[in-house]
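Have a look at the structure below before the remarks.
Here is the naming used below: chain letters follow the sequence lines, and residue numbers restart at 1 for every chain.
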2 protein chains.
Amino acid sequence: MERPERYHHGNLRQALLDAAEEVLIDGGIEALSWREIARRAGVSPGAPYHHFADKAALLTALAQQHLAELDHRFREVCTTHPEPHEQLRALGMVYVAYALEHPAAFRLMFRPEMGSPFGGASAETPVFGVLLQVVRACRAGATGDPAETERVACAAWGLVHGLAALLLDGPLAALATDRERVRALVATSTDRFNVDA
Amino acid sequence: MERPERYHHGNLRQALLDAAEEVLIDGGIEALSWREIARRAGVSPGAPYHHFADKAALLTALAQQHLAELDHRFREVCTTHPEPHEQLRALGMVYVAYALEHPAAFRLMFRPEMGSPFGGASAETPVFGVLLQVVRACRAGATGDPAETERVACAAWGLVHGLAALLLDGPLAALATDRERVRALVATSTDRFNVDA
DNA sequence: TCATATTGTGTACAGTGTTAAGATACGCTA
DNA sequence: TAGCGTATCTTAACACTGTACACAATATGA
């Protein structure tokens with residue numbers, strides 16, 4: 001989209017990611033076809049293969065971008081909220097909010113047909129790393145089993161992820177538009193989950 | 001598959017569902033194509049349109065079958081476990097176990113590109129109905145807000161659903177094969193979730 | 001300046017979901 | 001039992017899709 005008159009695009013890779021994002025927003029996942037992406041970037045359907053191995057690779061890269069953004073928001077939460085338990089509640093809100101704000105992108109991160117943009121669930125994993133850190137802070141000073149701490153972090157992730165998934169494509173979809181009820185649901189969920197050792 | 005030599009199949013509708021299930025098992029969701037299903041049922045690609053409006057309708061019907069089976073297992077749990085809190089823990093185990101046992105089918109139920117097999121989240125909703133009943137039993141005698149009870153049930157569903165989703169297609173996929181660790185994770189999750197009023 | 005690597009185009013192929021027109025067999029009524 | 005309407009299936013076609021390949025244009029570096 002930068003300099004259409006030239007033979008070489010300049011930075012097609014990013015242009016493709018932008019085009020994919022654009023398609024994703026106003027057409028959803030079903031509209032996200034390789035050729036449509038190339039079309040929007042003003043390029044022939046063969047060109048993208050010089051920048052991405054295949055469709056899955058492009059989509060994985062896009063998912064990673066969103067994952068990085070979500071990770072950024074997570075870290076922001078940690079700076080604006082002092083107390084660990086408050087941080088945890090805020091993280092839940094941010095997670096669900098992001099899912100509802102970027103539904104198609106959020107779904108993309110958990111599609112089985114492409115390589116998972118997360119690695120595993122370690123301290124270096126984008127979003128999970130922050131979560132694990134906060135959970136550790138909540139349980140600081142306790143003589144608890146470290147494996148249990150990890151399980152608790154996974155459970156916390158599962159909790160908010162499940163809410164997001166059910167709100168997006170599950171039976172709770174009807175609630176998704178009512179911001180206040182969503183907020184209440186997330187609050188109930190996190191408040192009732194006991195993190196402490 | 002019943003009487004292949006005849007022009008009319010007999011009960012093609014169920015044969016198509018069976019074929020779809022078969023494809024789903026040994027090929028995953030990606031292999032689940034309309035034509036492949038017809039092929040396995042020994043019929044031309046146009047024939048299924050007399051039984052299902054389109055691909056999404058077929059897949060929705062298949063998802064509903066699995067949902068009914070899961071609902072059945074849920075009700076079974078309620079009869080074999082007397083105490084509500086025990087029931088709740090057992091339901092969580094059964095939910096996650098079903099997801100890991102039938103991964104492709106489980107994913108099918110939450111695909112955005114087809115009509116959700118659940119209606120909303122009411123007492124009549126297949127799986128949620130049982131869950132709601134058990135949560136109510138846990139909170140019996142309390143003077144709690146009914147809306148809060150509903151939120152708690154939603155949160156409980158979110159908790160186990162999130163675990164299942166992360167184990168299937170998320171960063172917890174590496175754990176999925178280790179039955180004992182999965183069991184411990186689910187136990188930690190449900191035990192730490194406070195249902196009571 | 002010229003060979004080479006990079007990044008485009010164009011065409012082709014197999015496979016997809018869906019539709020429409022025509023062939024066949026079943027079930028009901030007379 | 002004969003005939004007819006209708007439900008069911010086949011065949012062929014359409015507009016797509018993702019990917020592969022040969023080729024062309026540009027950029028780069030010795």
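Judged by atom type and distance alone, B:R35 reaches the base of C:dG17 through a side-chain donor-acceptor pair under 3.5 Å.
Put simply, A:Y49 has a side-chain N or O that comes within less than 4.0 Å of OP1 or OP2 on D:dT19. Listed pair B:H51 / D:dC9 meets the phosphate criterion, a side-chain N or O lying under 4.0 Å from OP1 or OP2.
Using a 4.0 Å heavy-atom criterion, one finds that A:R13 contacts no nucleic acid atom at all. B:S44 comes within 4.0 angstrom of a nucleotide base, judged by non-hydrogen atoms across all strands.
Considering only the side chain of A:K55, D:dT19 comes nearest among D:dT19, D:dC9, C:dT7. Listed nucleotides: D:dT19, D:dC9, C:dT16. Nearest to the side chain of B:S33: C:dT16. In this structure, of D:dT17, D:dT10, D:dT19, it is D:dT10 that holds the atom nearest to the side chain of B:V43.
Checked for salt-bridge contact, B:R136 and B:E150 miss the test: no charged N lies under 4.0 Å from a carboxylate O. Under the 4.0 Å criterion applied to side-chain N and carboxylate O atoms, B:R89 and B:D191 are assigned as salt-bridge partners. In this structure, B:D169 pairs ionically with B:R107, as a charged nitrogen and a carboxylate oxygen lie closer than 4.0 Å.
The bend of the helix from C:dT1-D:dA30 to C:dA30-D:dT1, defined by the angle between the axes of its first five and last five pairs, stands at 10° to the nearest 10°.
Using the six-membered ring where Trp is involved, B:F118 and B:F110 have ring planes that are tilted, between 30° and 60° apart.
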Going through the distances and angles, do A:L166 and B:C154 end up as a side chain to side chain contact (heavy atoms under 4.5 Å, CB included)?
CA-CA 9 Å; A:L166 295 180; B:C154 289; over 6 Å; no
